[in-house]
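What follows is a short report on a single structure.
Just the heavy atoms: all of them, side chains too, but no hydrogens, waters or symmetry mates, feed the values below. Predicted, not measured: the structure shown is a model, and the values here were computed from it.
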2 protein chains.
Amino acid sequence: MNISAVADAAGLPVKTVRYYSDIGLVPAPTRSDSGYRSYDDAAVRKLVFVRRAREFGFSVGECRELLGLYEDRHRSSADVKRIATRRLEEIAEKQRELQSLHDELAHLVEACRGDHRPDCPIIDGLEARRTAAPE
Amino acid sequence: MNISAVADAAGLPVKTVRYYSDIGLVPAPTRSDSGYRSYDDAAVRKLVFVRRAREFGFSVGECRELLGLYEDRHRSSADVKRIATRRLEEIAEKQRELQSLHDELAHLVEACRGDHRPDCPIIDGLEARRTAAPE
DNA sequence: CTTGACCCTCCAGCTACTGGAGACATTAGA
DNA sequence: TCTAATGTCTCCAGTAGCTGGAGGGTCAAG
(Lines give C-alpha, C1' and ligand atoms only; values in the text may rest on other atoms or scores of the structure.)
Protein backbone atom coordinates (compact mmCIF):
# COMPACT_ATOMS: atom_id res chain seq x y z
CA MET A 1 0.00 0.00 0.00
CA ASN A 2 1.21 3.46 -0.89
CA ILE A 3 0.98 6.27 1.58
CA SER A 4 -2.24 7.77 0.29
CA ALA A 5 -3.99 4.40 0.41
CA VAL A 6 -2.93 3.83 4.00
CA ALA A 7 -3.82 7.41 4.89
CA ASP A 8 -7.32 6.90 3.52
CA ALA A 9 -7.65 3.58 5.29
CA ALA A 10 -6.52 5.06 8.59
CA GLY A 11 -8.50 8.26 8.22
CA LEU A 12 -5.44 10.49 8.48
CA PRO A 13 -3.85 13.06 6.14
CA VAL A 14 -0.85 11.83 4.17
CA LYS A 15 1.32 14.45 5.85
CA THR A 16 0.38 13.15 9.25
CA VAL A 17 1.17 9.54 8.37
CA ARG A 18 4.61 10.64 7.22
CA TYR A 19 4.99 12.72 10.35
CA TYR A 20 4.12 9.82 12.66
CA SER A 21 6.93 7.71 11.33
CA ASP A 22 9.29 10.67 11.23
CA ILE A 23 8.90 11.06 14.98
CA GLY A 24 9.00 7.31 15.50
CA LEU A 25 5.45 7.03 16.81
CA VAL A 26 4.86 4.22 14.34
CA PRO A 27 7.66 2.14 12.80
CA ALA A 28 9.27 3.39 9.61
CA PRO A 29 7.70 1.61 6.65
CA THR A 30 9.70 -0.30 4.08
CA ARG A 31 10.49 1.48 0.82
CA SER A 32 9.99 0.59 -2.79
CA ASP A 33 12.88 0.80 -5.27
CA SER A 34 11.91 4.33 -6.10
CA GLY A 35 11.77 5.30 -2.45
CA TYR A 36 8.01 5.18 -1.98
CA ARG A 37 6.81 4.18 1.48
CA SER A 38 5.12 0.79 1.51
CA TYR A 39 2.66 -0.18 4.26
CA ASP A 40 0.89 -3.33 5.36
CA ASP A 41 -2.32 -3.98 7.28
CA ALA A 42 -0.57 -3.98 10.63
CA ALA A 43 0.57 -0.43 9.92
CA VAL A 44 -3.00 0.57 9.15
CA ARG A 45 -4.20 -0.92 12.44
CA LYS A 46 -1.58 1.00 14.37
CA LEU A 47 -2.39 4.25 12.62
CA VAL A 48 -6.09 3.80 13.29
CA PHE A 49 -5.26 3.10 16.91
CA VAL A 50 -3.21 6.28 17.12
CA ARG A 51 -5.89 8.34 15.42
CA ARG A 52 -8.52 7.14 17.83
CA ALA A 53 -6.31 7.74 20.83
CA ARG A 54 -5.57 11.26 19.56
CA GLU A 55 -9.27 11.87 19.09
CA PHE A 56 -9.66 10.90 22.74
CA GLY A 57 -7.21 13.68 23.51
CA PHE A 58 -4.27 11.49 24.44
CA SER A 59 -1.00 13.30 23.73
CA VAL A 60 1.46 11.84 21.26
CA GLY A 61 3.55 10.76 24.23
CA GLU A 62 0.61 8.95 25.72
CA CYS A 63 -0.14 7.40 22.34
CA ARG A 64 3.39 6.08 22.36
CA GLU A 65 2.77 4.50 25.76
CA LEU A 66 -0.60 3.12 24.76
CA LEU A 67 0.79 1.76 21.52
CA GLY A 68 3.48 -0.02 23.50
CA LEU A 69 0.81 -1.54 25.72
CA TYR A 70 -1.33 -2.31 22.69
CA GLU A 71 1.48 -4.32 21.20
CA ASP A 72 2.56 -5.97 24.41
CA ARG A 73 0.65 -9.21 24.79
CA HIS A 74 1.87 -9.59 28.36
CA ARG A 75 0.94 -6.23 29.84
CA SER A 76 -1.75 -6.07 32.46
CA SER A 77 -4.95 -4.15 31.93
CA ALA A 78 -4.03 -2.13 35.04
CA ASP A 79 -1.26 -0.41 33.06
CA VAL A 80 -3.76 0.77 30.49
CA LYS A 81 -6.35 1.71 33.06
CA ARG A 82 -3.85 3.94 34.84
CA ILE A 83 -3.23 6.06 31.74
CA ALA A 84 -6.90 6.20 30.81
CA THR A 85 -7.92 7.19 34.31
CA ARG A 86 -5.39 10.00 34.38
CA ARG A 87 -6.77 11.22 31.09
CA LEU A 88 -10.29 10.99 32.45
CA GLU A 89 -9.31 13.21 35.36
CA GLU A 90 -7.82 15.75 32.96
CA ILE A 91 -11.05 15.78 31.01
CA ALA A 92 -13.09 16.30 34.15
CA GLU A 93 -10.81 19.14 35.24
CA LYS A 94 -11.13 20.79 31.85
CA GLN A 95 -14.88 20.46 32.06
CA ARG A 96 -14.96 22.22 35.41
CA GLU A 97 -12.84 25.05 34.03
CA LEU A 98 -15.00 25.42 30.97
CA GLN A 99 -18.10 25.44 33.08
CA SER A 100 -16.97 28.31 35.28
CA LEU A 101 -15.75 30.16 32.22
CA HIS A 102 -19.06 29.62 30.52
CA ASP A 103 -21.05 30.78 33.52
CA GLU A 104 -19.04 33.93 33.97
CA LEU A 105 -19.06 34.90 30.33
CA ALA A 106 -22.74 34.02 29.91
CA HIS A 107 -23.50 36.25 32.86
CA LEU A 108 -21.68 39.14 31.20
CA VAL A 109 -23.31 38.52 27.85
CA GLU A 110 -26.76 38.47 29.40
CA ALA A 111 -26.08 41.72 31.18
CA CYS A 112 -25.11 43.42 27.93
CA ARG A 113 -27.89 45.11 26.03
CA GLY A 114 -26.00 44.72 22.80
CA ASP A 115 -27.29 47.92 21.29
CA HIS A 116 -25.68 50.98 19.74
CA ARG A 117 -24.79 52.52 23.06
CA PRO A 118 -21.18 52.33 24.21
CA ASP A 119 -21.50 51.15 27.80
CA CYS A 120 -20.95 47.42 27.95
CA PRO A 121 -20.86 45.12 30.97
CA ILE A 122 -18.68 42.64 29.07
CA ILE A 123 -15.84 45.10 28.68
CA ASP A 124 -16.32 46.21 32.25
CA GLY A 125 -16.28 42.61 33.39
CA LEU A 126 -13.04 41.92 31.54
CA GLU A 127 -11.50 44.94 33.16
CA ALA A 128 -12.62 44.20 36.68
CA ARG A 129 -13.08 40.49 37.09
CA ARG A 130 -11.62 39.39 40.38
CA THR A 131 -10.59 35.74 40.05
CA ALA A 132 -8.56 34.01 37.40
CA ALA A 133 -9.92 30.91 35.70
CA PRO A 134 -7.55 29.93 32.85
CA GLU A 135 -8.95 27.62 30.20
CA MET B 1 7.56 51.67 36.13
CA ASN B 2 10.06 49.08 34.99
CA ILE B 3 8.96 45.92 33.30
CA SER B 4 8.99 43.69 36.36
CA ALA B 5 6.87 46.17 38.32
CA VAL B 6 4.30 46.34 35.56
CA ALA B 7 4.42 42.57 35.13
CA ASP B 8 3.67 42.13 38.82
CA ALA B 9 0.91 44.71 38.69
CA ALA B 10 -0.68 43.06 35.67
CA GLY B 11 -0.20 39.52 36.91
CA LEU B 12 1.84 38.48 33.90
CA PRO B 13 5.38 37.14 33.45
CA VAL B 14 7.96 39.69 32.34
CA LYS B 15 8.57 37.70 29.18
CA THR B 16 4.92 37.87 28.26
CA VAL B 17 4.74 41.62 28.77
CA ARG B 18 7.68 42.03 26.41
CA TYR B 19 6.07 39.61 24.00
CA TYR B 20 2.79 41.51 23.94
CA SER B 21 4.43 44.67 22.78
CA ASP B 22 6.69 42.79 20.38
CA ILE B 23 3.62 41.53 18.55
CA GLY B 24 1.93 44.89 18.85
CA LEU B 25 -0.91 43.67 21.05
CA VAL B 26 -0.20 46.55 23.41
CA PRO B 27 1.63 49.73 22.38
CA ALA B 28 5.42 49.79 22.61
CA PRO B 29 6.43 51.49 25.86
CA THR B 30 8.76 54.46 26.03
CA ARG B 31 12.37 53.76 26.90
CA SER B 32 14.71 55.13 29.53
CA ASP B 33 18.16 56.46 28.58
CA SER B 34 19.63 53.05 29.18
CA GLY B 35 16.98 51.39 27.04
CA TYR B 36 14.76 50.06 29.81
CA ARG B 37 11.07 49.89 29.01
CA SER B 38 9.04 52.40 30.97
CA TYR B 39 5.32 51.86 31.59
CA ASP B 40 2.48 53.93 32.98
CA ASP B 41 -0.81 53.05 34.64
CA ALA B 42 -2.68 52.98 31.34
CA ALA B 43 -0.31 50.25 30.18
CA VAL B 44 -1.04 48.25 33.31
CA ARG B 45 -4.78 48.57 32.73
CA LYS B 46 -4.43 47.30 29.18
CA LEU B 47 -2.24 44.40 30.23
CA VAL B 48 -4.69 43.41 32.95
CA PHE B 49 -7.47 43.62 30.38
CA VAL B 50 -5.54 41.35 28.05
CA ARG B 51 -4.70 38.90 30.79
CA ARG B 52 -8.34 38.61 31.82
CA ALA B 53 -9.48 38.20 28.23
CA ARG B 54 -6.86 35.47 27.70
CA GLU B 55 -8.03 33.74 30.87
CA PHE B 56 -11.49 33.76 29.33
CA GLY B 57 -9.98 31.89 26.42
CA PHE B 58 -10.10 34.72 23.90
CA SER B 59 -7.32 34.30 21.34
CA VAL B 60 -4.68 36.96 20.98
CA GLY B 61 -6.45 38.06 17.82
CA GLU B 62 -9.70 38.44 19.69
CA CYS B 63 -7.89 40.31 22.44
CA ARG B 64 -6.68 42.69 19.79
CA GLU B 65 -10.25 43.26 18.69
CA LEU B 66 -11.55 43.59 22.22
CA LEU B 67 -8.76 45.95 23.14
CA GLY B 68 -9.70 48.11 20.18
CA LEU B 69 -13.30 48.13 21.38
CA TYR B 70 -12.15 48.73 24.94
CA GLU B 71 -10.33 51.84 23.84
CA ASP B 72 -12.99 53.09 21.47
CA ARG B 73 -15.33 55.31 23.38
CA HIS B 74 -17.75 55.36 20.46
CA ARG B 75 -18.19 51.68 19.79
CA SER B 76 -21.52 50.05 20.48
CA SER B 77 -21.96 47.32 23.03
CA ALA B 78 -23.30 45.17 20.20
CA ASP B 79 -19.78 44.92 18.75
CA VAL B 80 -18.50 43.51 21.98
CA LYS B 81 -21.46 41.25 22.49
CA ARG B 82 -20.93 39.72 19.07
CA ILE B 83 -17.39 38.60 19.91
CA ALA B 84 -18.32 37.39 23.37
CA THR B 85 -21.29 35.45 22.07
CA ARG B 86 -19.15 33.73 19.47
CA ARG B 87 -16.72 32.78 22.20
CA LEU B 88 -19.57 31.50 24.32
CA GLU B 89 -20.67 29.25 21.49
CA GLU B 90 -17.16 27.91 21.14
CA ILE B 91 -17.11 27.13 24.84
CA ALA B 92 -20.44 25.34 24.63
CA GLU B 93 -19.25 23.31 21.66
CA LYS B 94 -16.08 22.34 23.48
CA GLN B 95 -18.16 21.31 26.45
CA ARG B 96 -20.27 19.02 24.33
CA GLU B 97 -17.18 17.42 22.84
CA LEU B 98 -15.60 16.91 26.22
CA GLN B 99 -18.79 15.42 27.55
CA SER B 100 -19.03 12.76 24.87
CA LEU B 101 -15.33 12.08 25.22
CA HIS B 102 -15.71 11.74 28.94
CA ASP B 103 -18.68 9.42 28.65
CA GLU B 104 -16.99 7.14 26.17
CA LEU B 105 -13.74 6.93 28.03
CA ALA B 106 -15.45 6.52 31.40
CA HIS B 107 -17.42 3.66 29.94
CA LEU B 108 -14.21 1.97 28.82
CA VAL B 109 -12.47 2.56 32.12
CA GLU B 110 -15.41 1.13 34.04
CA ALA B 111 -15.41 -1.96 31.86
CA CYS B 112 -11.74 -2.58 32.54
CA ARG B 113 -10.95 -4.77 35.50
CA GLY B 114 -7.55 -3.15 35.86
CA ASP B 115 -5.85 -6.25 37.10
CA HIS B 116 -2.79 -8.23 36.02
CA ARG B 117 -4.56 -9.92 33.15
CA PRO B 118 -3.82 -8.70 29.64
CA ASP B 119 -7.28 -8.36 28.12
CA CYS B 120 -8.42 -4.78 28.36
CA PRO B 121 -11.60 -3.17 27.06
CA ILE B 122 -9.87 0.23 26.86
CA ILE B 123 -7.37 -0.97 24.30
CA ASP B 124 -10.12 -2.81 22.46
CA GLY B 125 -12.24 0.33 22.51
CA LEU B 126 -9.45 2.45 21.09
CA GLU B 127 -9.00 -0.08 18.34
CA ALA B 128 -12.62 -0.39 17.45
CA ARG B 129 -14.40 2.82 18.33
CA ARG B 130 -16.70 3.76 15.53
CA THR B 131 -17.19 7.54 15.61
CA ALA B 132 -14.66 10.33 15.82
CA ALA B 133 -15.01 13.04 18.45
CA PRO B 134 -11.90 15.26 18.36
CA GLU B 135 -11.21 17.34 21.43
C1' DC C 1 5.26 10.96 -25.35
C1' DT C 2 2.90 13.86 -22.67
C1' DT C 3 -0.10 14.91 -18.96
C1' DG C 4 -1.58 14.56 -14.48
C1' DA C 5 -1.62 12.34 -10.22
C1' DC C 6 1.48 10.55 -6.95
C1' DC C 7 5.49 10.55 -4.15
C1' DC C 8 9.89 12.31 -2.15
C1' DT C 9 12.74 15.65 1.05
C1' DC C 10 13.41 19.78 3.31
C1' DC C 11 12.11 24.15 5.12
C1' DA C 12 8.89 27.37 7.11
C1' DG C 13 4.99 28.61 9.75
C1' DC C 14 1.08 28.18 12.91
C1' DT C 15 -0.25 29.62 18.65
C1' DA C 16 1.26 31.80 22.53
C1' DC C 17 4.54 31.82 24.79
C1' DT C 18 9.02 30.22 27.52
C1' DG C 19 13.96 29.40 28.36
C1' DG C 20 18.56 30.61 27.86
C1' DA C 21 22.95 32.99 26.36
C1' DG C 22 25.65 36.93 26.52
C1' DA C 23 25.95 41.65 27.54
C1' DC C 24 24.89 46.08 29.83
C1' DA C 25 22.52 48.82 33.98
C1' DT C 26 21.21 49.54 38.51
C1' DT C 27 21.25 49.04 43.31
C1' DA C 28 22.27 47.34 48.04
C1' DG C 29 25.65 46.14 51.20
C1' DA C 30 30.49 46.06 53.12
C1' DT D 1 33.89 53.13 46.49
C1' DC D 2 33.97 48.60 45.14
C1' DT D 3 31.54 44.51 44.42
C1' DA D 4 28.05 41.23 43.99
C1' DA D 5 23.44 40.45 43.05
C1' DT D 6 19.76 41.45 40.63
C1' DG D 7 17.34 43.61 36.65
C1' DT D 8 17.09 44.44 31.91
C1' DC D 9 18.28 44.20 27.10
C1' DT D 10 18.34 41.53 22.42
C1' DC D 11 18.29 37.53 19.85
C1' DC D 12 17.81 32.67 19.07
C1' DA D 13 15.66 28.35 19.80
C1' DG D 14 12.27 25.27 21.43
C1' DT D 15 7.55 23.62 22.86
C1' DA D 16 2.97 20.40 20.41
C1' DG D 17 1.31 18.58 16.51
C1' DC D 18 0.93 19.15 12.69
C1' DT D 19 0.26 21.78 7.88
C1' DG D 20 1.62 24.18 3.58
C1' DG D 21 4.69 24.84 -0.05
C1' DA D 22 8.84 24.56 -3.09
C1' DG D 23 11.32 21.89 -6.08
C1' DG D 24 12.01 17.73 -7.65
C1' DG D 25 11.47 12.45 -9.15
C1' DT D 26 7.90 8.43 -10.45
C1' DC D 27 4.14 6.12 -12.48
C1' DA D 28 0.05 4.98 -15.27
C1' DA D 29 -3.30 6.34 -18.79
C1' DG D 30 -4.29 7.91 -23.30
**Request:** Using the closest heavy atom to pick a nucleotide of DNA chain D for each, name whichever of A5(B) or K15(B) lands nearer the 5' end.
**Result:** A5(B)
Acceptor/donor pairs from residues 26-35 of chain B side chains to any protein atom, 3.5 angstrom cut, sequence neighbours excluded:
from: T30(B); atom 1: OG1; to: S38(B); atom 2: O; distance (Å): 3.2
from: R31(B); atom 1: NH1; to: G35(B); atom 2: O; distance (Å): 2.9
from: S32(B); atom 1: OG; to: S34(B); atom 2: N; distance (Å): 3.3
from: S32(B); atom 1: OG; to: S34(B); atom 2: OG; distance (Å): 3.1
from: S32(B); atom 1: OG; to: G35(B); atom 2: N; distance (Å): 3.4
from: S32(B); atom 1: OG; to: Y36(B); atom 2: N; distance (Å): 3.0

**Asked** What residues form a side-chain hydrogen bond (donor to acceptor under 3.5 Å, both in side chains) with Q95(A), not counting sequence neighbours?
**Response** Q99(B)
**Item:** Residues that Y39(B) engages under ring-ring contact (aromatic ring centres under 6.0 Å, His included), provided they are two or more places apart
**Value:** none
**Any residue meeting salt bridge (Lys or Arg N to Asp or Glu O under 4.0 Å) with E89(A), in chain and number order, not counting sequence neighbours** = none
**Message:** According to ring-ring contact (aromatic ring centres under 6.0 Å, His included), who are the partners of Y20(B), at least two apart in sequence or on a separate chain?
**Reply:** none
**Item:** For chain A, the stretch of DNA chain D it reaches, first to last nucleotide, under 4.0 Å of its heavy atoms
**Value:** dG17(D) to dC27(D)
**Prompt:** By salt bridge (Lys or Arg N to Asp or Glu O under 4.0 Å), which residues pair with R45(B), not counting sequence neighbours?
**Reply:** none
**Message:** Rounded to the nearest 0.5 Å, what separates atom CG in D22(B) from atom NZ in K15(B)?
**Reply:** 9.5 Å
**Request:** By nearest nucleotide on DNA chain C, pick out whichever of S59(B) and S34(B) is the more 5' one.
**Result:** S59(B)
Tabulated below should be each protein N or O lying under 3.5 Å from an N or O of nucleotides 1-6 of chain C; please produce it.
from: dC6(C); atom 1: O2; to: Y36(A); atom 2: OH; distance (Å): 3.3

**Item:** side-chain contact (heavy atoms from CB on, under 4.5 Å) partners for A106(B), two or more places apart
**Value:** L88(A), H102(B), E110(B)
**Message:** If the condition is salt bridge (Lys or Arg N to Asp or Glu O under 4.0 Å), which residues does R86(B) pass it with, not counting sequence neighbours?
**Reply:** E62(B), E65(B)
**Request:** Return the set of residues passing side-chain hydrogen bond (donor to acceptor under 3.5 Å, both in side chains) with S77(A) (not counting sequence neighbours), or none when no residue passes.
**Result:** D115(B)
**Asked** Where along residues 16-33 of chain B does a heavy atom fall under 4.0 Å from DNA chain C?
**Response** T16(B), Y19(B), Y20(B)
**Item:** Contact nearer the 5' end of DNA chain D, comparing G61(A) with G35(B)
**Value:** G35(B)
